[in-house]
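Okay, structure first, notes after.
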Amino acid sequence: MTNIINKFKNSQAYINYSRILPYVKPYWFRALLAVLICIPIGSLDAVIALSLKPYMDLVMVEKTVQSPWYIPFGIVAFTIIQGLLNYLATYLNTWVGGKITNDLKISLYQKLLTFQTSFFDSRKSGDIVFRFNADADTACAGLLDNLKVFVSRLFSSISLVCVLFYNSWQLALIAVVILGGAFLPLASIRKRIKGVMDKSVAVGATIITSYNETYTGNKTITSYNLKEYQENKFRKILSDIFSLKIKIVQRTSWLSPMMHVIVSVGIGLAIGYGSHLILTKQITSGNFVSFITALIMLYTPIKNLGNNFNAVQFSFMAIERVFGMLNLKPAISNRPNALVLGRGHSKIQFKDVCFEYVPNVPVLKNINLEIKKGETVALVGNSGGGKTTFVNLLPRFYDIKSGSISIDDVDIRDYTLESLRENIAVVFQDNFLFSGTIRENILLGNKNANEEDIQKAVKMAYLDDFIQTLKDGLDTQIGERGILLSGGQKQRVAIARAFLKDAPVIILDEATSALDNKAEAVVQKAIENLMKDKTVFVIAHRLSTIQSADKIVVINQGEIVEQGTHNELLDIQNGAYKALYEMQFKKQKEIVK
């Protein structure tokens with residue numbers, strides 16, 4: 001008995017249900033009520049079969065009494081009760097299922113927000129949508145719907161089996177043996193569909209990615225005449241989905257027909273042996289009719305059990321994927337007893353820092369640099385040299401492979417992520433703006449800011465003249481990703497957001513490189529306001545904008561090759577910075593000519 005219990009506890013069904021039980025607990029009363037209601041729903045199935053025995057014996061065969069009026073009325077009454085209970089169970093299941101699904105999605109979304117940048121680098125948007133949204137729907141809806149079906153059919157089967165044994169224990173034994181045989185094929189279903197289901201999820205995620213790419217890349221598709229190319233890619237995805245659906249059908253759809261055959265064998269044997277029992281007067285005609293009715297009512301849902309079982313397996317696999325995600329540990333997280341970084345600092349130090357995205361492919365090698373409070377450090381060098389990677393390490397978008405990055409001699413990994421990032425404001429080359437209003441996007445820098453703070457940030461970001469031209473001012477909707485704003489306007493909204501954050505460390509990652517000269521001039525003024533009294537890291541492609549930096553660091557192929565002021569670096573014969581500067585200056589002279 002102990003072995004049986006342990007085997008059940010290790011079974012996939014037990015593991016899946018035990019994982020989801022904490023999400024059911026807040027709604028346990030309604031969930032339990034929904035299950036309990038299913039008991040009479042199933043049990044009432046036996047009423048019809050049981051009532052046919054006296055009707056058949058007394059009215060149809062012996063003709064000793066008239067048709068009892070209470071039998072048809074009783075059947076209708078029981079059916080009405082069963083229908084009302086069914087409605088109530090469906091309502092409760094939907095309510096509980098919706099609440100559990102929402103809670104599960106909240107847990108998944110909370111987990112999604114904890115993942116490091118590299119997690120998103122290695123996954124498609126469609127995969128995220130599938131794993132963090134669609135799987136939750138499949139997991140909860142499938143399990144709860146099938147739990148209702150399972151409980152009602154379980155008690156329906158128990159009550160109908162009782163009717164079978166009541167009418168004839170001999171025929172009942174035949175029926176139960178055949179019933180057991182009908183369940184044998186179910187054992188192989190999970191193995192048959194798991195591999196195909198995993199591929200279906202991957203391809204299903206790809207189609208969502210395709211829609212996302214078409215939405216965000218519509219201008220590229222139009223300008224490069226990629227409609228036919230994209231259409232062919234989409235056709236290929238649909239073809240793969242179709243092939244996988246067919247494979248699932250091939251591997252599972254034989255189940256229901258096979259059960260039909262097995263069930264028909266049971267009914268055939270019951271009719272054959274039942275005729276013998278009637279002729280030998282071991283059972284009455286009423287017993288036989290009641291038995292056959294109960295048997296058909298018992299077997300009918302079992303014939304379609306294959307489809308329900310497939311749905312349950314899909315739900316179980318979705319639960320595995322959901323909790324697989326929930327069990328993932330973020331690669332970057334707070335250490336035990338992490339310190340809270342205050343708003344002040346005296347220095348930031350990079351010591352022997354090495355980093356790689358792909359194992360054994362170094363991106364940064366033995367970086368050593370010290371930045372004092374209030375200094376402006378400009379990072380320059382050839383494209384792909386590691387400048388953006390360098391600044392991404394400070395707010396811990398990624399963690400270093402070896403060495404250390406410290407603030408006031410404390411490794412940044414010993415600070416809480418929240419306090420570390422609260423001290424750093426980042427203005428990217430392509431800043432992400434959320435759908436909503438300009439005000440809402442600026443307030444992301446400090447959600448508790450008052451109107452005076454907002455207006456000051458708008459003014460310092462040189463955004464006030466633009467805001468005044470808008471009918472709704474700061475409450476103007478900007479569309480998804482800020483699509484309704486120009487590049488310069490988006491940059492200034494991002495700078496205003498950084499102003500409102502008022503962090504002591506500023507990172508400017510090529511914040512003006514995508515702008516035209518006029519927009520760049522305005523944004524550069526806003527950046528200069530933002531940089532006042534801050535420790536600043538600047539990545540700039542135009543060297544004219546960083547000549548006044550306290551320290552210019554040249555990074556090539558992941559290594560610091562030079563560092564110093566603008567004048568100091570120009571004095572280095574055949575220096576890397578001098579070569580970059582002269583090349584850019586030469587191009588500017590050619591443009592002027």
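The minimum heavy-atom distance between R492 and Y462, with the atom names listed, is NH1-O, 2.8 Å. I495 and A461 make their closest contact through CG2-CB, 4.1 Å (heavy atoms, listed as atom of the first residue, atom of the second, distance). Residue T114 comes nearest to P330 through the heavy atom pair OG1-CG, 3.4 Å, listed as atom of the first residue, atom of the second, then distance. Across N556 and A576, no two heavy atoms sit closer than the pair ND2-CB, 4.1 Å. Heavy-atom minimum distance, F499 versus A457: CB-CB, 3.9 Å. Considering every non-hydrogen atom in both S210 and F234, the closest pair reads OG-CD1, 3.7 Å.
In terms of modelled atom types and a separation under 3.5 Å, the side chain of N327 and the main chain of F323 share a donor-acceptor contact. Judged by distance alone, with hydrogens and angles left aside, the side-chain atoms of R413 form no donor-acceptor pair with the main-chain N or O of I332 at under 3.5 Å. Side chain of D352 to backbone of N366: no donor-acceptor contact under 3.5 angstrom is found. For T416 (side chain) and V340 (main-chain N/O), no donor-acceptor pair under 3.5 Å exists by modelled atom type. In this structure a side-chain-to-backbone donor-acceptor pair under 3.5 Å is missing from S333 to K329. Formation of a donor-acceptor pair under 3.5 Å by the N441 side chain with backbone atoms of V493 is not found in this model. In this structure, D509 contributes its side chain and V538 its backbone to no donor-acceptor pair below 3.5 Å. Of the possible polar contacts, none joining the E582 side chain to the A579 backbone as a donor-acceptor pair under 3.5 Å is found. E422 places no side-chain N or O within 3.5 Å of a backbone atom of L341 that could act as its donor or acceptor partner. A donor-acceptor pair under 3.5 Å is absent between the side-chain atoms of R439 and the main chain of D475, judged by distance alone.
Within a 6.0 Å sphere centred on CD of E452, heavy atoms belonging to other residues, nucleotides or ligands number 12 at most. The environment of CZ in F120 is crowded: more than 12 heavy-atom neighbours from other residues, nucleotides or ligands sit within 6.0 Å. Other residues, nucleotides and ligands contribute only 12 or fewer heavy atoms inside 6.0 Å of the NZ atom of K124. For K373, the NZ atom counts as loosely surrounded, since its 6.0 Å shell holds 12 or fewer non-hydrogen atoms of other residues, nucleotides or ligands. In this structure, N450 places its CG atom where more than 12 heavy-atom neighbours from other residues, nucleotides or ligands lie under 6.0 Å away. Around CD1 of I483, the count of heavy atoms belonging to other residues, nucleotides or ligands within 6.0 Å does not exceed 12. Sparse packing is recorded around CD of Q557, with 12 or fewer heavy atoms of other residues, nucleotides or ligands lying under 6.0 Å away. Enclosure of atom CG in D121 by more than 12 non-hydrogen atoms of other residues, nucleotides or ligands within 6.0 angstrom is indicated.
Taking the six-membered ring where tryptophan is involved, the planes of F355 and Y357 are perpendicular, since the angle between them exceeds 60° and thus also 30°. Relative ring orientation between F537 and F390 is described as tilted, the plane-to-plane angle lying within the 30° to 60° band. Between F119 and F115, the ring planes are parallel. Angles under 30° get that label, and only those over 60° would be called perpendicular.
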Evaluate T535 against I506 for side-chain contact (heavy atoms from CB on, under 4.5 Å), listing each step before the verdict. CA-CA 6 Å; T535 302; I506 304 293; over 6 Å; no
Output, in order, the C-alpha distance, side-chain angles, deciding distance and verdict of salt bridge (Lys or Arg N to Asp or Glu O under 4.0 Å) for D571 and K578. CA-CA 8 Å; D571 288 338; K578 186 175 182 179; over 6 Å; no
Test salt bridge (Lys or Arg N to Asp or Glu O under 4.0 Å) on R335 and D414; report intermediate values, then the result. CA-CA 6 Å; R335 287 178 172 177; D414 291 326; 2.7 Å; yes
Using side-chain contact (heavy atoms from CB on, under 4.5 Å), reason through N446 and N448 one step at a time and then give a plain yes or no. CA-CA 5 Å; N446 180 2; N448 298 318; 3.7 Å; yes
Taking it one step at a time, do N334 and E418 satisfy side-chain hydrogen bond (donor to acceptor under 3.5 Å, both in side chains)? CA-CA 9 Å; N334 288 330; E418 296 75 17; 3.2 Å; yes
Between D464 and K459, is a salt bridge (Lys or Arg N to Asp or Glu O under 4.0 Å) present by the stated rule, with each step listed? CA-CA 5 Å; D464 48 342; K459 186 176 181 180; over 6 Å; no
Is there a salt bridge (Lys or Arg N to Asp or Glu O under 4.0 Å) between D502 and K456? Walk through the geometry before answering. CA-CA 12 Å; D502 193 28; K456 182 180 178 181; over 6 Å; no
Take K236 and K233 through the test side-chain contact (heavy atoms from CB on, under 4.5 Å) and record every step on the way to the result. CA-CA 5 Å; K236 174 67 168 57; K233 274 180 63 177; 5.7 Å; no
Please step through side-chain hydrogen bond (donor to acceptor under 3.5 Å, both in side chains) for the pair N133 and Y109, ending with a clear verdict. CA-CA 9 Å; N133 183 66; Y109 192 71; over 6 Å; no
What do the steps show when you test H566 against Y577 for side-chain contact (heavy atoms from CB on, under 4.5 Å), and what is the final call? CA-CA 9 Å; H566 171 72; Y577 178 78; 2.7 Å; yes
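I454 is listed as a side-chain neighbour of L443, based on a closest heavy-atom distance under 4.5 Å. Using a 4.5 Å cut-off on side-chain heavy atoms (C-beta onward), V554 and Q563 make no contact. Between L326 and L108 the shortest side-chain heavy-atom distance falls below 4.5 Å. The side-chain heavy atoms of D127 and T209, taken from C-beta on, include no pair separated by under 4.5 Å. The side-chain heavy atoms of V391 and F397, taken from C-beta on, include no pair separated by under 4.5 Å. For the pair L500/R497, no side-chain contact is recorded, criterion being any heavy-atom separation below 4.5 Å from C-beta on. Contact check for V380 versus I552: side-chain heavy atoms found under the 4.5 Å cut-off. Using a 4.5 Å heavy-atom cutoff, the side chains of V505 and I407 are not in contact.
With values rounded to the nearest 0.5 angstrom, R396 atom CZ is found 7.5 Å from L420 atom CG. Of the inter-residue distances, the one linking I348 atom CD1 with E375 atom CD reads 10.0 Å to the nearest 0.5 angstrom. We find the CZ-OG distance between R343 and S419 to be 10.5 Å, quoted to the nearest 0.5 Å. Between atom CG of residue D411 and atom CD of residue Q349 there is a gap of 11.0 Å, rounded to the nearest 0.5 Å. We find the CD-CG distance between Q489 and L463 to be 8.0 Å, quoted to the nearest 0.5 Å. Atom OG1 of T565 is separated from atom CD of E568 by 3.5 Å, given to the nearest 0.5 angstrom.
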